[in-house]
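Everything on this sheet refers to the single structure shown next.
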Amino acid sequence: MQYVSTRDKNIKVSAVEAIQYGLAKNGGLFVPEVFPTIDMEFIKSLIQLPYAERAAKVMDMFIEEFSYEQILGFCKEAYSTERFDTVDVAPVKTISDNTHYLELWHGPTAAFKDMALQMLPHLLTKSIKARGEDREVCILVATSGDTGKAALEGFRDIDGTKIYVFYPVDGVSDVQKLQMTSQKGNNVGVCGVVGNFDDAQTGVKKIFSDPDMTKKLNEKGYFFSSANSINWGRLLPQIAYYISAYCDLVKINNIKMGDEITFCVPTGNFGNILAGYYAKKMGLPIKRLICASNENNVLTDFINTGVYDKNRKFYTTASPSMDILISSNLERLIFELSGCDDVRVKKYMDELFSVGKYKVDEDILNKIQEFFVAGYCSDKETKETINKVWNEDHYLIDTHTAVAAKVTNDVRTKNNCNCNVVIVSTASPYKFCDNVLEALGEKTDASGVELIARLEEATKVAPPKPLAELKNAVPRFNQKAEKTDMPKVVLEFLGIL
Ligand SMILES: *Cc1c(COP(=O)(O)O)cnc(C)c1O
């Protein structure tokens with residue numbers, strides 16, 4: 001199967017190349033030239049299988065260079081019970097006849113990024129090998145919290161890789177910081193950057209594009225790569241859980257094979273929800289995708305008007321992993337809905353880069369609105385929703401999931417419909433204890449790690465083991481650097497300086 005760049009269809013690469021490069025040379029993103037299709041027989045054949053096999057069957061359709069047995073091997077490792085705290089991996093919790101939560105946070109870092117970042121290291125290292133590359137890969141990550149930890153866990157002690165993560169010293173929660181600074185593994189490094197997330201990200205991008213750095217690494221047998229969410233190797237594993245959720249609803253007789261369901265996805269960079277769209281494109285019976293945002297509602301406006309405008313106030317919210325004004329993966333959706341029109345996509349993206357704004361043509365907007373619905377909610381509504389869901393359904397959700405729960409309710413009220421919705425649950429409530437406790441009317445006057453015990457006391461819901469164990473965690477990495485020193489820090493980490 002071939003992959004093309006969203007900004008130039010003449011750029012064609014294989015799956016392993018798409019995964020190794022991450023980004024196309026002209027700045028475009030790689031997408032499958034043709035999507036494989038699934039039918040009801042295929043879905044039926046997955047119903048009795050464990051998650052790793054479901055995921056392998058789906059992923060196998062997109063990668064020619066690896067055999068099914070190889071991919072199954074990756075999946076069995078990535079989604080093993082050593083790494084996930086439930087054999088179901090991505091269980092569906094049914095709250096009522098027509099409301100379900102797809103829990104994607106049972107992995108080692110308690111956020112949905114584990115679903116992809118447990119898999120990416122296998123795909124990336126084997127892709128590199130398949131291409132005859134004998135240098136070691138050095139993954140650099142700038143993180144606002146969840147991605148850094150998930151990438152560290154995914155790449156920890158993976159042969160042929162080194163991983164280094166920069167986080168903004170004052171931009172992550174206590175829990176997130178300790179999760180990263182206490183990271184285990186012999187190939188990992190973590191450093192705080194004096195500044196905000198943008199400073200860290202700009203610093204990493206500079207390192208990537210610095211020819212002198214590339215040369216120094218090359219001489220020592222290393223090359224850089226990234227683990228960010230525009231890499232095809234991160235999107236692909238996410239398609240599987242939409243299909244798996246459908247299987248689970250058939251299995252419990254909630255729906256009949258062929259019935260349509262709706263998913264509501266708390267959205268930031270548009271990776272998760274795009275995977276849902278790809279599942280639909282392959283043939284999964286999805287009626288609608290609801291795109292839920294927090295106060296950074298650039299996507300709500302886009303889906304409702306066709307105008308994408310990032311020139312707006314940036315809000316720091318209770319759902320920080322969705323505090324994003326440039327949703328990179330949206331480019332892939334526009335490519336599909338424009339009829340694979342690379343010229344138009346390039347024009348829009350150039351406009352986004354130069355003036356921070358673009359408007360899609362009527363034909364694209366119509367297609368978006370045929371399938372997508374969008375809404376957003378405030379921090380106050382997020383907390384009210386956590387409280388309501390806890391009190392009415394006795395189900396504890398985090399702030400990101402609560403945004404989706406609220407928007408689901410709004411869409412139901414507005415359309416006066418009670419359609420069957422799967423709310424995609426992206427993080428454990430224990431990752432955001434302060435806001436969740438506040439929502440429940442509890443006191444929050446303690447450090448982040450102490451609040452874990454308090455939330456457990458208040459709710460009697462057990463925290464994920466890796467978070468509960470944080471109270472005994474000892475920081476290994478106390479390094480702090482000015483952003484201008486980031487290249488030096490990386491060279492020291494690799495033993496080049
Ligand atoms: C990253 C993240 C999101 C947003 O997902 P996208 O794929 O970027 O849209 C939502 N919730 C949580 C908890 C996350 O970590």
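All ligand and atom numbering here is 1-based and tracks the order in the structure. Everything numeric in this text was worked out from a predicted model, so none of it was measured.
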Go through the steps to decide whether Arg412 and Thr262 satisfy the test side chain to side chain donor-acceptor pair (under 3.5 Å), and finish with yes or no. CA-CA 11 Å; Arg412 280 183 172 152; Thr262 290; over 6 Å; no
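- Per-residue contacts place Asp146 under 4.0 angstrom from the following atoms of ligand 1 (heavy atoms of the residue considered): 13 (C), 14 (C), 15 (O).
- Heavy atoms of Lys113 found under 4.0 angstrom from ligand 1 belong exclusively to the side chain.
- At least one N or O atom of Phe270, backbone or side chain, sits closer than 3.5 Å to an N or O atom of ligand 1.
- Tyr79 and Tyr51 have perpendicular rings, their planes meeting at more than 60° on a 0 to 90° scale where under 30° would count as parallel.
- Enclosure of atom OH in Tyr3 by more than 12 non-hydrogen atoms of other residues, nucleotides or ligands within 6.0 angstrom is indicated.
- Annotation: cation-pi pair Lys25/Tyr21 present, NZ/CZ under 6.0 Å from the ring centroid and within 45° of its normal.
- Annotation: Asp398 places no N or O atom under 3.5 Å from an N or O atom of ligand 1; distance criterion only.
- Taking every heavy atom of Ala427 and a limit of under 4.0 angstrom, the matching atoms of ligand 1 come to 13 (C).
- A donor-acceptor pair is defined here as one N or O able to donate and one able to accept, closer than 3.5 Å; no such pair exists between the side chain of Tyr167 and the backbone of Lys149.
- Distances below 4.0 Å separate heavy atoms of Thr267 from the following atoms of ligand 1: 9 (O).
- Classification of the Tyr308-Tyr358 ring pair by plane angle, with boundaries at 30° and 60°, yields parallel.
- Those atoms of ligand 1 that come under 4.0 Å of a heavy atom in Gly271, given as number and element, are 6 (P), 7 (O), 9 (O).
- Using a 30° and 60° split on the angle between ring planes, Phe112 and Tyr241 fall in the perpendicular class, above 60°.
- Counting only distance, with no hydrogens or angles, the side chain of Arg332 and the backbone of Leu29 share no donor-acceptor pair below 3.5 Å.
- At the top of the distance list for atom 11 (N) of ligand 1, counting protein heavy atoms only, stands Thr426 OG1, 2.9 Å.
- Annotation: atom 8 (O) of ligand 1 to nearest protein heavy atom, Asn269 N, 2.7 Å.
- Using a 4.0 Å cut-off between heavy atoms, Trp105 makes no contact with ligand 1 at all.
- Each of the atoms 4 (C), 10 (C) of ligand 1 lies under 4.0 Å from some heavy atom of Pro266.
- Contact annotation: Ser229 has no heavy atom less than 4.0 Å from any atom of ligand 1.
- Below 30°, between 30° and 60°, or above 60°: for Phe432 and His400 the angle between ring planes is between 30° and 60°, a tilted geometry.
- The protein heavy atom nearest to atom 7 (O) of ligand 1 is Asn272 N, 2.9 Å.
- Residue Gly268 has at least one nitrogen or oxygen atom sitting less than 3.5 Å from a nitrogen or oxygen atom of ligand 1, judged on distance alone.
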